[in-house]
S.K.: 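After the structure tokens below, expect a handful of questions from me.
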Amino acid sequence: MTDARYYITTPIYYVNDKPHIGHAYTTLACDAIARFMRLDGRDVYFLTGTDEHGQKVEKSARDAGMEPQPFTDRVSQNFRDLAKAMNFSNDDFIRTTEERHKRSCRAIWQKLVKSGDIYLGTYSGWYAVRDEAFYGEEELTAGPDGKKTAPSGAPVEWVEEPSYFFRLSAWGERLLKFYEDNPLFVLPQSRRNEVTSFVRQGLRDLSVSRTSFRWGVKVPGDEAHIMYVWLDALTNYITAVGYPDESNPKWAYWPADLHMVGKDIVRFHAIYWPAFLMSAGIAPPKRVFAHGWWTNEGQKISKSLGNIIDPLKLIETYGLDQTRYFLLREVPFGNDGDFSHKAMVGRINAELANGIGNLAQRTLSFINKNCGGKLPAPGQFMNDDITMIGQARGLLELMRASIENQELHRAIDAWFDVVVWANQYIDRHAPWALRKTDVKRMGTVLYVLVDVLRHLGALMQPFMPEAGAKLLDQLAVPSDERSFASLGGKGELRGGIPLPAPVGIFPRFIEDAQRKVHPAHAMVGRIYQRRSDGVYLRLEKVLRELPDTDDAILMFRKWPTKEEVRLKHSHLIIDLVESQVELEW
RNA sequence: GGCGGGGUAGCUCAGUGGUAGAGCAGGGGAAUCAUAAUCCCUUGGUCGGGGGUUCAAAUCCCUCCCCCGCUACCA
């Protein structure tokens, strides 16, 4: 039996960055999981926040002519705004500059001291003042004058400063044992390999304090030192659930079920963090999952290329739930993925508009027109009906298993399979034909479809909360019966209940170039051209051979009948919304 | 260099010994409830190269080529 509690975290985001797709993606994945778990009856605590200490922040504030605190107040707001725009359902938003966090950091520090894993030493290395960063010996190149230079070209000098160290070197064996006992601690598997091989190479002690800047949590008992950023940052995960007050009711959420991270920070979460915690006598988290990165139209994303993807822009262009769906659907979760406009439009039109959207629309508008707007009561179920309903009702279990292992893409895969099967089902039983021959049977088919839609609507809520709600509204599912507990037979809709007139959930994405011709009535479709040799050409082929007419040709309201095309075999008949146009062929 | 992962249809990938698969794209057809949305059928691959084990290899072994990740103190 799984614990009812579920504690899930995002990394805290470094406020020096502007929120970009990477931030949005990590939190989105957590949001989908958190929402799923809540709907599935779990007691979820979903945490995100901002990391606000460190030298870079101190410097950025100074450059902006501000004190660090008001500066971080401002930039951390960007991340709260993003959470709102993306419809994230985090239960808490932690900031490392909060007093609760500083208290927590001091407490864990003292525990580490007590366990003997902290000692005072000297941190030394090649430091580039210009970059404000340390470099490893092997990264450096010797300049013409024999002076060493950083990869950035900045001159470096050998610097030594007093520093407290964490005795990480003593934790190698215990960590390896921990990984062995918890084979799913790091996922995906490939990251786990990296982590264990890293640890097997042998660990060096970790510098956990600095004296070169002031913006951070002071080391208890030696205020010349600031706690090293990773110790500070990682500690947020226990701060938020009350640490060091273990009598805080929220402490029951610890250990976290899942730390979701980008693949770049696996090591800190999978090696340092459990070592810190074990040393402090605190249970390590249950899982660290490292997801991949996005490229943009096949290109690596970088500031210098200027191809950073702004999540707010995506929402504006494609819609919120469409964006959420794409990001979670397009890529096996954990892998890198490519964002492309074409792929996005493909998903929106093929799966959202034509798949689930049209399925709902064709079913509900049929009921609206032919059943007086009331859900028909089902008659005797046939085998095929039972199979269809079974597929919908079996979805929860499949999705639950996938979500439990962060296989978000599999969950959506399974969900979309049912969409496809339902479209096959409606065609197989053709209620539009039954209307003339067997109205009772027609009602049963429609009822089955509505029950399937009820499951699809409920189960899409974690990924697309607004669209899911919209669909359930149209099915007249009461707001208190939208959790997974009401799936299956429990929340079964009764025949005869009135269903509101349907409205499209997902519009097709129409390219701007097409939209501007007749914005109000734009439609895209296929048209055939009959060539003199009697061969019918598809629209795309016709377009290729008719230059400069794309926009006009794409706009038509009625599919021309073969008869029409045949009569005017040397012309294309285009029935435009505004006017009748003939084009020379 | 070391460790790990991968190279399968035009594209993205599934497939760990038994007649090569899915989605998308391409081609043909049906239907007309629906956001011209859907459904059915279908073209397409010497499974990176070479060698080996086996009755049988995408799958196991050897070797070569290519791609990617990790190889510690910026979050």
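Below, all heavy atoms of this structure are taken into account, side chains as well, without hydrogens, waters or symmetry copies. By convention in this document, chain letters (A, B, ...) are assigned in the order of the sequence lines, proteins followed by strands, and residues within each chain are numbered from 1.
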S.K.: To the nearest Å, how far apart are F333(A) CZ and rC13(B) P?
M.R.: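 These atoms are roughly 17 Å apart.
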S.K.: Is the phosphate of rA37(B), meaning OP1 or OP2, less than 4.0 Å from a side-chain N or O of R508(A)?
M.R.: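 Checking rA37(B) against R508(A), a side-chain N or O does come within under 4.0 Å of OP1 or OP2.
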S.K.: Base, sugar-phosphate, or nothing: which does G202(A) touch, judged by heavy atoms less than 4.0 Å apart?
M.R.: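 Since a base atom lies under 4.0 Å of G202(A), the category is base.
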S.K.: Does the side chain of N423(A) come under 3.5 Å of the side chain of R362(A) through a donor N or O and an acceptor N or O?
M.R.: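 Yes, side-chain donor-acceptor contact under 3.5 Å.
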S.K.: Report each atom pair, protein N/O against N/O of nucleotides 1-4 of chain B, whose distance is under 3.5 angstrom.
M.R.:
from, atom 1, to, atom 2, distance (Å)
rG4(B), O2', N193(A), ND2, 3.3

S.K.: So what does Y228(A) touch, heavy atoms closer than 4.0 Å: a base, only the sugar-phosphate, or nothing?
M.R.: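 The answer is sugar-phosphate, as Y228(A) gets under 4.0 Å only of primed atoms, P, OP1 or OP2.
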S.K.: Determine the Euclidean distance between corresponding C1' atoms of rC41(B) and rG49(B); express it in Å to zero decimal places.
M.R.: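 My reading of the C1' atoms in rG49(B) and rC41(B) gives 37 Å.
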S.K.: C1' atom, rA22(B) versus rU32(B): distance in rounded Å?
M.R.: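 Here rA22(B) and rU32(B) have their C1' atoms 29 Å from each other.
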S.K.: Do H53(A) and Y228(A) make the cut of ring centroids closer than 6.0 angstrom?
M.R.: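 No, the ring centres sit 6.0 Å or more apart.
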S.K.: Students often get this wrong, so: under 4.0 angstrom with heavy atoms, is F366(A) touching a base, only sugar-phosphate, or nothing?
M.R.: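 Here F366(A) touches the backbone only, sparing every base.
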S.K.: From C-beta outward on N358(A), which listed nucleotide comes closest to its side chain: rA37(B), rU71(B), rA75(B)?
M.R.: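 Of the options given, the side chain of N358(A) lies nearest rA37(B).
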S.K.: Expressed in angstrom and rounded to an integer, what is the separation of N349(A) atom CG from rA34(B) atom C1'?
M.R.: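 Atom-to-atom, N349(A) to rA34(B), this comes out as 15 Å.
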S.K.: Under 3.5 Å, is there a donor-acceptor pair linking the side chains of T211(A) and E161(A)?
M.R.: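 There is such a pair (donor and acceptor under 3.5 Å, judged by atom type) between the side chains of T211(A) and E161(A).
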S.K.: Figure out the NE2/P separation between H429(A) and rA30(B), and round it to whole Å.
M.R.: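 Checked: the NE2 to P distance equals 22 Å.
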S.K.: Whether W432(A) contacts rA31(B) is assessed here as follows: a side-chain N or O lying under 4.0 Å from the phosphate OP1 or OP2. Is that the case?
M.R.: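 No, outside the criterion.
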S.K.: Identify, with sequence neighbours excluded, every residue that meets salt bridge (charged side-chain N to carboxylate O under 4.0 Å, His left out) alongside D338(A).
M.R.: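 In terms of salt bridge (charged side-chain N to carboxylate O under 4.0 Å, His left out), with neighbours along the sequence ignored, D338(A) is linked to no residue.
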S.K.: Are OP1 or OP2 of rC40(B) and a side-chain N or O of Q424(A) less than 4.0 angstrom apart?
M.R.: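 It does, given that an N or O in the side chain of Q424(A) lies less than 4.0 Å from OP1 or OP2 of rC40(B).
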S.K.: Give a yes/no answer on whether the side chain of N370(A) brings an N or O atom under 4.0 Å of OP1 or OP2 in rC33(B).
M.R.: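 Indeed not, no polar side-chain atom of N370(A) lies that close.
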S.K.: Please give, in whole Å, the distance from rC33(B) P to R435(A) CZ?
M.R.: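 Interatomic distance, CZ of R435(A) to P of rC33(B): 6 Å.
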S.K.: Which residues pass the salt bridge (charged side-chain N to carboxylate O under 4.0 Å, His left out) test with D384(A), sequence neighbours left out?
M.R.: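 D384(A) satisfies salt bridge (charged side-chain N to carboxylate O under 4.0 Å, His left out) with R428(A) only.
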S.K.: Could you check whether any side-chain N or O of R192(A) sits under 3.5 Å from a backbone N or O of P183(A), counting only pairs where one atom can act as donor and the other as acceptor?
M.R.: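 Present.
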S.K.: Is the Y318(A)-F509(A) ring centre distance short of 6.0 angstrom?
M.R.: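 Y318(A) vs F509(A): aromatic centres under 6.0 Å.
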S.K.: Just how far, in rounded Å, is C1' of rC40(B) from OH of Y425(A)?
M.R.: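 Rounding to the nearest Å, OH of Y425(A) and C1' of rC40(B) are 19 Å apart.
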S.K.: Taking only the C1' atom of each, what is the distance from rG23(B) to rA34(B) in whole angstrom?
M.R.: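 Approximately 23 Å lies between the C1' atom of rG23(B) and that of rA34(B).
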S.K.: Just checking L364(A): base, sugar-phosphate only, or nothing, at a heavy-atom cut-off of under 4.0 Å?
M.R.: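 The answer is nothing, as L364(A) stays clear of every strand by at least 4.0 Å.
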S.K.: Choose from rC33(B), rA75(B), rA72(B) the nucleotide whose nearest atom is closest to any side-chain atom of Y14(A).
M.R.: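 Per side-chain heavy atoms of Y14(A), the pick is rA75(B).
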S.K.: Which one, rU35(B), rA72(B), rA75(B), comes nearest to the side chain of R204(A)?
M.R.: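 From the listed options, rA72(B) comes nearest.
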S.K.: Does R80(A) make a cation-pi contact with F93(A), if we ask for NZ or CZ under 6.0 Å from the ring centre and within 45° of the axis?
M.R.: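 Judged by the rule (NZ or CZ under 6.0 Å from the ring centre, within 45° of its axis), R80(A) counts as positioned above F93(A).
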S.K.: Of the candidate nucleotides rC70(B), rU35(B), rU38(B), which contains the atom at the shortest distance from the side chain of D427(A)?
M.R.: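 Nearest to the side chain of D427(A) among the choices is rU38(B).
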S.K.: Kindly state whether the ring of H269(A) and the ring of F289(A) have centres lying under 6.0 angstrom apart.
M.R.: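 Not close enough - the centres of the two rings lie 6.0 Å or further apart.
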S.K.: Could you run down the sub-3.5 Å N/O contacts of the protein with nucleotides 8-11 of chain B?
M.R.:
none

S.K.: Salt-bridge test for D413(A) and R329(A): reply yes if a basic N is under 4.0 Å from a carboxylate O, no otherwise.
M.R.: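 Yes.
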S.K.: Just compare rA34(B), rA72(B), rU35(B) and give me whichever is closest to any side-chain atom of L203(A).
M.R.: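 The answer is rA72(B), which lies nearest to the side chain.
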S.K.: Touch check for F506(A), heavy atoms < 4.0 angstrom, all strands: base, sugar-phosphate only, or nothing?
M.R.: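 It contacts base atoms.
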S.K.: Would R435(A) and W432(A) count as a cation-pi pair here, with the cationic atom under 6.0 angstrom from the ring centre and within 45° of the axis?
M.R.: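 Cation-pi check for R435(A) and W432(A): fails.
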S.K.: Considering only side-chain heavy atoms of I505(A), which listed nucleotide, rC70(B), rA37(B), rU35(B), is closest?
M.R.: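 Among the listed nucleotides, the one closest to the side chain of I505(A) is rU35(B).
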S.K.: Taking rA72(B) as the reference, what is the distance to rC65(B) when you measure between their P atoms (whole Å, please)?
M.R.: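 Taking atom P in both rC65(B) and rA72(B), they lie 26 Å apart.
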S.K.: Using the P atom as the point on both nucleotides, what is the distance between rC11(B) and rG18(B), in whole Å?
M.R.: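 My reading of the P atoms in rG18(B) and rC11(B) gives 27 Å.
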S.K.: Give the rounded distance in Å between these two atoms: CG of D413(A) and C1' of rC13(B).
M.R.: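 Roughly 11 Å, once rounded to whole Å.
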S.K.: Would you check if the distance from the ring center of W294(A) to the ring center of Y25(A) is below 6.0 Å?
M.R.: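 Here the rings of Y25(A) and W294(A) have centres that are less than 6.0 Å from each other.
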S.K.: Would you measure the distance from the C1' atom in rG21(B) across to the matching atom in rA37(B) and give it in whole Å?
M.R.: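 Per the computed distance, 28 Å lies between those C1' atoms.
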S.K.: Run the salt bridge (charged side-chain N to carboxylate O under 4.0 Å, His left out) test against R167(A) and tell me which residues pass, sequence neighbours left out.
M.R.: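 Checked R167(A) against salt bridge (charged side-chain N to carboxylate O under 4.0 Å, His left out); zero matches.
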S.K.: Reading RNA chain B from 5' onward, which residue's closest nucleotide shows up sooner: E330(A) or W230(A)?
M.R.: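 Nearest-nucleotide comparison on RNA chain B picks E330(A).
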S.K.: Let me know, please, whether V420(A) or D264(A) comes out on the 5' side of the other along RNA chain B by nearest nucleotide.
M.R.: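 Closer to the 5' end of RNA chain B: V420(A).
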S.K.: What's the CD1-P distance between I265(A) and rC73(B), to the nearest Å?
M.R.: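 Taking CD1 of I265(A) and P of rC73(B), I get 16 Å after rounding.
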S.K.: Is G357(A) touching bases, backbone alone, or none of the nucleic acid, heavy atoms closer than 4.0 Å?
M.R.: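 Result for G357(A) = base.
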S.K.: Assign K263(A) to base, sugar-phosphate, or nothing according to its heavy-atom contacts below 4.0 angstrom with the strands shown.
M.R.: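 Nothing, no heavy atom under 4.0 Å.
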S.K.: State whether the side chain of E407(A) and the backbone N or O of F333(A) hold a donor-acceptor pair below 3.5 Å, judged by distance alone.
M.R.: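 Not a single qualifying donor-acceptor pair exists.
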S.K.: Under 4.0 Å between any heavy atoms, over every strand shown, what does I271(A) touch: base, sugar-phosphate, or nothing? Just pick one.
M.R.: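 Since no nucleic acid heavy atom lies under 4.0 Å of I271(A), the category is nothing.
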S.K.: What protein N or O atoms touch nucleotides 23-25 of chain B N or O atoms at under 3.5 angstrom, if any, and at what distances?
M.R.:
none

S.K.: Could you check how far CG of N423(A) sits from P of rU38(B), rounded to whole Å?
M.R.: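 The answer, rounded to whole Å, is 7 Å.
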S.K.: P atom, rA9(B) versus rC62(B): distance in rounded Å?
M.R.: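 That atom pair is separated by 25 Å.
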S.K.: For rA57(B) versus rA20(B), give the span between their C1' atoms, rounded off to a whole number of Å.
M.R.: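 rA57(B) and rA20(B) have their C1' atoms separated by 12 Å.
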S.K.: Assert yes or no for the condition that the ring centre distance of Y164(A) to W109(A) is strictly below 6.0 Å.
M.R.: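 So the answer is yes for these two rings.
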